[in-house]
2 protein chains.
Amino acid sequence: MSHNDQRKPRPRPTISDVARLAGVSISTVSRVLNDTAPVSSEVEHRVRQAIEMLNYTPHLAARNLAVRKTETIGLLLPEVGNNFFAPLLRGVENAIRPTEYQLLVHASLRVPDPAPWRHSPIGEHNADGMLVFVNSMDQAELLRNYERGFPMVLLFFTPPSNARIPYVGFDNTTGLCQVVEHLVQVHGRRRIVYLRGPVGNFDSEEREAAFRQTMERLGVPVYPELVARGHYSSIGAEQAIQELLDRGIDFDAVFAGDDDAATGVLAALRRNGRSVPEEVAVVGFDDIPFSAHLNPPLTTVHAPVEQAGYVAASKLLSLLAGEMPELATRLPVELVIRQSCGCDRTFL
Amino acid sequence: MSHNDQRKPRPRPTISDVARLAGVSISTVSRVLNDTAPVSSEVEHRVRQAIEMLNYTPHLAARNLAVRKTETIGLLLPEVGNNFFAPLLRGVENAIRPTEYQLLVHASLRVPDPAPWRHSPIGEHNADGMLVFVNSMDQAELLRNYERGFPMVLLFFTPPSNARIPYVGFDNTTGLCQVVEHLVQVHGRRRIVYLRGPVGNFDSEEREAAFRQTMERLGVPVYPELVARGHYSSIGAEQAIQELLDRGIDFDAVFAGDDDAATGVLAALRRNGRSVPEEVAVVGFDDIPFSAHLNPPLTTVHAPVEQAGYVAASKLLSLLAGEMPELATRLPVELVIRQSCGCDRTFL
DNA sequence: GCGTTTTCTGAAAGCGCTTTCAAAATAGCA
DNA sequence: TGCTATTTTGAAAGCGCTTTCAGAAAACGC
């Protein structure tokens with residue numbers, strides 16, 4: 001109803017205003033702004049003074065248009081509920097900070113686009129390159145961007161085989177191998193439930209393959225009734241476990257998929273009076289900060305999320321610099337043993 | 001070293017390319033793109049076809065320049081380590097999604113700026129308005145933007161008294177009052193340690209004031225040796241508690257500042273063999289998802305972070321629409337009682 | 001001092017789009 | 001059919017900046 005009554009909405013000064021006030025041409029102002037050509041110190045001083053007085057800030061859109069670069073890199077995420085966006089972002093930020101680039105973040109909810117000609121909300125038109133999180137962009141668009149030569153790097157999934165797009169992910173295979181070996185070799189568990197992530201999730205599928213392979217190698221069967229979907233979420237996992245329990249299915253360990261899911265597993269088990277780790281051991285994946293504080297402290301595999309963000313952004317930066325970074329990076333993960341597996345490490 | 005060998009880096013098509021291919025003028029193309037004026041259906045069809053063929057996407061910087069709007073709103077954050085970044089972003093995204101706006105996120109590390117004329121990395125020049133998180137922008141710049149009439153809304157802090165900038169925060173006072181009352185009235189605690197947040201943090205100061213006030217009202221003293229700084233972080237709080245313990249200071253409860261800090265408190269206490277809640281009760285603030293899974297489940301006050309993001313973004317949107325939203329919003333918080341205070345709620 | 005470099009500066013074009021403004025095409029009506 | 005009212009279209013200016021190009025000024029050499 002009422003008007004926005006912020007005061008003095010005088011129009012923002014432009015480069016011409018500065019030029020006029022300093023008594024020079026706009027070219028000169030531009031030169032002192034960007035230091036692209038020598039300017040006599042007397043003139044430079046006048047210009048700086050004018051800038052100061054007017055409180056002038058160059059208009060980025062105009063600049064971008066003129067130089068045909070946006071100086072921003074995009075980060076495309078799927079639904080933002082995920083607990084590891086914070087560290088991921090931190091990594092990206094750290095890589096980007098020393099540069100001129102800005103970060104444009106977009107969380108796509110994957111709604112079908114109303115305007116068919118308007119492609120992704122972030123792309124060639126508003127970014128010089130982008131970081132694509134798994135499940136945030138469909139394959140067709142990914143390919144289209146690739147064909148156009150638009151710089152991208154993929155986070156936590158690999159590109160279609162014919163596209164040479166750099167990506168970074170975790171060494172899921174080794175991680176799973178280690179945690180499973182630990183469960184069966186040191187704790188003698190055999191009926192291990194495996195909680196998958198969301199359907200179509202790359203990491204999830206890779207982990208499952210590694211799981212089956214390791215189990216086979218160790219000679220312990222993967223019981224079909226013990227693999228369920230935990231959706232990498234606390235409540236999803238809780239329900240999955242509850243259902244197994246309700247169906248009277250017996251198990252002595254669970255790989256939760258990730259740590260979020262592990263908290264759900266812990267909750268379900270506790271509510272049903274199953275002791276962890278005595279009756280059932282539980283392990284996660286990711287090692288989010290809270291894992292150490294769960295009850296019992298969670299044995300999990302540490303995934304360097306922040307580093308992933310950093311590495312991905314660095315790759316993109318080098319792509320933008322015209323270089324071709326290493327295509328694939330698998331960040332090493334590390335088994336961190338606490339107590340939920342049955343080990344007796346003292347806390348912290 | 002090697003070149004970026006993505007193929008076919010043919011230049012992106014412009015509106016002129018589309019016009020030429022469709023055999024019309026660029027004005028016409030613009031019109032079908034934006035539906036700003038009637039276009040005969042035959043022509044419209046040709047244009048759409050051309051757009052399709054060329055896989056054309058309008059260049060946003062150019063468009064922004066022409067219309068003098070950026071269609072993006074900025075979100076300025078301090079260091080992104082914060083655990084409630086994810087829900088906050090989710091709220092903001094939800095509010096923004098139905099609109100045309102994009103979200104530009106910038107985490108400022110508060111480094112002194114090298115180029116003095118280049119103000120905030122996000123501001124008038126690249127956004128139509130912005131959401132300013134506490135501690136992410138200095139007062140001078142805040143005021144400067146305000147004077148210019150640049151739309152902003154503040155998150156978790158109030159503006160200088162002479163600036164009518166909308167803000168949203170939590171009802172810290174009520175929250176603190178409730179949790180403190182609970183501690184002293186139902187659990188009879190009297191020697192309560194109070195862990196402050198980071199220096200200069202608005203919420204922290206507000207909470208401390210409320211704490212002192214409530215204590216006074218209840219007639220229980222605030223012992224100076226019991227107030228320390230927990231920095232709203234797990235390890236900060238852990239150290240603070242450890243130090244109190246080392247100094248042999250006695251206490252029977254601790255208000256941790258926030259839930260992150262509470263996990264640190266719990267860890268320190270456990271490591272030193274103090275039982276929670278029997279010997280010392282601990283409570284937090286925020287109610288992050290993990291709080292329910294801590295050992296023991298944390299009694300805390302629930303702060304609707306996602307809602308805060310949503311409300312803040314909505315306010316900004318209405319500011320952008322030329323309206324003046326309600327200036328101050330204090331989101332209600334709610335005491336959630338679990339077990340770390342000494343209550344015996346069954347889990348979940 | 002005078003021609004020649006070298007340094008500094010301004011005019012003007014152009015980045016890709018929107019948006020007047022007026023002309024061209026079409027429709028409406030007598 | 002002729003003339004006006006209406007719809008559809010294109011030319012051109014302009015958004016705020018960078019950058020080429022060439023001219024002006026200053027510095028240099030002899």
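Each chain gets a letter, A, B and so on, in the order its sequence line appears, and its residues count up from 1. Note that the coordinates shown come from a computational prediction; the quantities given were computed from them, not determined experimentally. FYI, side chains are in, hydrogens and waters are out, and symmetry mates aren't considered; it's all heavy atoms of this structure.
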Completion exercise
Heavy-atom contacts, protein to nucleotides 11-17 of chain C, under 4.0 Å, summarised as B (base), S (sugar-phosphate only) or - (none) per nt, yield BB-BBBB
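- Residues A/V92 and A/F85 are not in side-chain contact: their nearest non-hydrogen atoms beyond the backbone lie 4.5 Å or more apart.
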Practice task
Start with the C-alpha gap between A/F133 and A/F156, add the side-chain angles, then the distance that decides, and say whether ring-ring contact (aromatic ring centres under 6.0 Å, His included) holds.
Solution key: CA-CA 7 Å; A/F133 201 92; A/F156 311 126; 5.5 Å; yes
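- Between A/M130 and A/F150, the closest side-chain pair of non-hydrogen atoms falls below 4.5 Å.
- Each of A/I96, A/T72, A/T70 was checked for a side chain to side chain contact (heavy atoms under 4.5 Å, CB included) with A/Q102, and the lone residue meeting it is A/T72.
- Using a 4.5 Å heavy-atom threshold, the side chains of A/V168 and A/Y310 count as separate.
- Heavy-atom nearest nucleotides on DNA chain D were determined for A/V29 and for B/S40, and the one closer to the 5' end corresponds to B/S40.
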